[in-house]
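Sequence lines set the chain letters: A, B, ... in the order given, protein chains first and strands last, and positions in each chain run from 1. Remember, predicted model here, so these are calculated numbers, not experimental data.
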Amino acid sequence: MESVFSNVVRAPEDPILGVTVAYNNDPSPAKLNLGVGAYRTEEGKPLVLDVVRRAEQQLVNDPSRVKEYIPIAGLADFNKLSAKLILGADSPAIQESRVATIQCLSGTGSLRVGAEFLKKHYHQSVIFIPKPTWGNHPKVFNLAGLSVEYYRYYDPATRGLDFHGLLEDLGAAPSGAIVLLHACAHNPTGVDPTSEQWEQIRQLVRSKSLLPFFDSAYQGFASGSLDTDAHSVRTFVADGGECLIAQSYAKNMGLYGERVGALSIVCKSADVASKVESQVKLVVRPMYSSPPIHGASIVATILKSSDMYNDWTIELKGMADRIISMRQQLFEALQAKGTPGDWSHIIKQIGMFTFTGLNKEQVAFMTKEYHIYMTSDGRISMAGLSSKTVPHLVEAIHAAVTRVA
Amino acid sequence: MAMMAMKIRNSASRRTTTTMASRQISSGLRSMSSWWKNVEPAPKDPILGVTEAFLADPSPDKVNVGVGAYRDDNGKPVVLECVREAERRIAGASFMEYLPMGGSVEMVEETLKLAYGKNSEFIKDKRIAAVQSLSGTGACRLFADFQKRFRPDSQIYIPVPTWSNHHNIWRDAQVPQKTYHYYHPETKGLDFSGLMDDVKNAPEGSFFLLHACAHNPTGVDPTEEQWREISQLFKAKKHFAFFDMAYQGFASGDPRKDAKSIRIFLEDGHHIGISQSYAKNMGLYGQRVGCLSVLCEDEKQAVTVKSQLQQLARPMYSNPPLHGAQIVSIILGDPQLKNQWLQEVKIMADRIIGMRTTLRESLEKLGSPLSWEHVTKQIGMFCYSGLTPEQVDRLTSEYHIYMTRNGRISMAGVTTGNVEYLANAIHEVTKSS
């Protein structure tokens, strides 16, 4: 019998995952994987936080714990604690019950559920996203039925923010358009607006009635401080306006595969927030009915214990500090080597990734000659570097920059 | 010097203007109305609303037979021993890295064996495109999205009645729906001729949703002979069969028996799709573990189809959750644990079958004028009692018994402690029927 799906063609490999596949196939002992978007220790190993292990044990040892369905909107205490984490415990929006928070499948799930809600209930169906952005963003919004436009963001000439271009493009956006903003540690560039620039963005967004949709995937992971990394979001919420926020615990709690995140919709009133929550549940039910319990239970266990919360902030700072120190080491090593070019962007950029500015040919050269794996846009994961491997990377960059145009 | 002064003056006044403007914007924002004031409150979910009402009832006699989750004879939720053991092995032992988009390969392999058979030629020949899914809901939704993308002109035929969320799933995937006859209210059994007529009259190559076993909400399943006839007619009409199997092992107590419908279709050469869930049969409800599989012509097509299923999963949740998949892999990969699981599933199924018998006998003993044969003929977690919405309302208001208004009783909520009370109440509201 012929298949009803014989017309289906093979989908292209995921560009990011393809890097790890190639890395795995490379027999060279000197190989280095800088494509990986997950934290690695100095020894190049994945890390499960100590505080996560403790929470895990607590859950396993509790005989009263059951595995029943959790509500469609997820665990109630997880939701409350997540909103507090991103908005601040003293946020008036929370105190006034104006925030609808729904547990979702990490950042991706929060973005998708939020986008589907917007498609159904918001008067505008265009979303402006920065150029460049995480590769999955346009797919998430397209599948939700939104149309995607770009605003200028990265300036290759300065390897920094194209602030003028950003203001122009958002200034030209239709009134009410949705705007995707990376709360901190922009992926893939690591380039964030300053707080003055954020203030200008906020004013522009509000003056044009644009609807901000924050993607917060690195809170605490970027600067080492949870509050600092939430600053952009909090200033928007402080002005009394509405916004959406997608939160992920993949990186900052190392819970990658457990798929833990939250979508918060900050509304004008408690009544509206309650109705909004009820409608978001209608998006979730036909997608997966209710979110997974395990990861959210770990998060809730940690956030509600002041001891565990404190321990978490210390481990989180540890991860952020290691990455910051890798930036410093790489920069200093390139300076010491006399590698041509201005490499200060390495220490100016923030978060897991550095947009090196290397072009496709240089990247290919580094892979072929030095067994260094990264995405072809020149993005390297600082999390994949260690003090031991910095020299090898510096050799490779130096060679690429001096020998390949 | 003058230029400098002007610059400073200008920037100062710009700052002042900026502050004033931002204050204006802020106050303007506070007075601006919400973007969402036109959002209507959504209706309560018909199934979950029942449990909410139950929880709010202070009566000591209250009974919850709306719940779609297994309860033991004390009315308590159950975590299987094999699951507890698997969790003990996981805690502290593994990393929490991302799974691939298609999920845990190990877990998917074990899951396919359950549905297709341990020695299935289709598994050997790598003809099955399969991905880990967010339980049964997630599998159905991925398939619906896939159907929309690659067979955009197709519709889905859904039985009447069905689990209410099936309609939501295909609607949100934007696949048009049609229905086919299934439940026969007069006999409280299968409307087989109605079903066969609808299958025959559907245009060639239509997509049908079938419940592999333990139909939800009616508990009415075709017999083996009826399944064979359905399969033959599907062959003649070149229809596509999509099986939702949420109760394998949980219906009869024997996973192989519960997969019979699927095995018949496979023998007859159909290229089917299957949604599998571990919510009930492993008690992993909240972990959201399941699997979507599509049987293809050959290995190449299976690789292709899988790649496209992953393309649909990536913008929905990127990759599926790890924990539940680990539990399943550990249990099914360890012969001792797997045996333990099979025993525990049988215990759950047997308890329910026992409660069906007891409920029916109690009603007959009370001298009910109605036939309650269907209580023991139907199979799985649910009994479609035949109670009217008004009778259900009376059960709730007078007897504090909670069930969905379609008269569906979750036998999982029936215990030796409440079965007499339940029988009595049902008798009271139906005896003048």
With a 4.5 angstrom heavy-atom cut-off, which part of [X] approaches chain A: side chain, backbone, both or neither?
{"X": "Lys148(B)", "result": "neither"}
{"X": "Ser318(B)", "result": "both"}
{"X": "Ser154(B)", "result": "neither"}
{"X": "Ala91(B)", "result": "both"}
{"X": "Ala313(B)", "result": "neither"}
{"X": "Pro100(B)", "result": "neither"}

Exercise. Between Arg259(A) and Tyr98(B), is any pair of side-chain heavy atoms under 4.5 Å apart?
Worked result: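 Yes, side chains in contact.
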
Problem set entry | Heavy-atom check, side chain of Asn168(B) versus side chain of Leu282(A), under 4.5 Å | no

Problem set entry | Part of Leu49(A) lying under 4.5 Å from any heavy atom of chain B | neither

Exercise. Given Pro315(B), which of Asn142(A), Thr108(A), Leu111(A), Leu143(A) fulfils the side-chain contact (heavy atoms from CB on, under 4.5 Å) condition?
Worked result: Leu143(A)

For this session: Just say parallel, tilted or perpendicular for the rings of Tyr69(A) and Tyr285(B), cut-offs at 30° and 60°.
Result: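 Perpendicular, since the angle between the ring planes exceeds 60°.
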
Exercise. Would you call Arg88(B)-Glu56(A) a salt bridge at under 4.0 Å N-O?
Worked result: no

Exercise. So among Arg71(B), Arg288(B), Lys76(B), which one has a salt bridge (Lys or Arg N to Asp or Glu O under 4.0 Å) with Glu68(A)?
Worked result: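 Looking at Arg71(B), Arg288(B), Lys76(B), the match for Glu68(A) under the salt bridge (Lys or Arg N to Asp or Glu O under 4.0 Å) is Arg71(B).
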
Problem set entry | Partner residues of Arg171(B) under the salt bridge (charged side-chain N to carboxylate O under 4.0 Å, His left out) criterion, sequence neighbours left out |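 Counting only residues at least two positions away or on another chain, Arg171(B) forms no salt bridge (charged side-chain N to carboxylate O under 4.0 Å, His left out).
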
Problem set entry | Heavy-atom closest pair, residues Val9(A) and Thr304(B) |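 That closest heavy-atom pairing would be C-CG2, 3.3 Å.
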
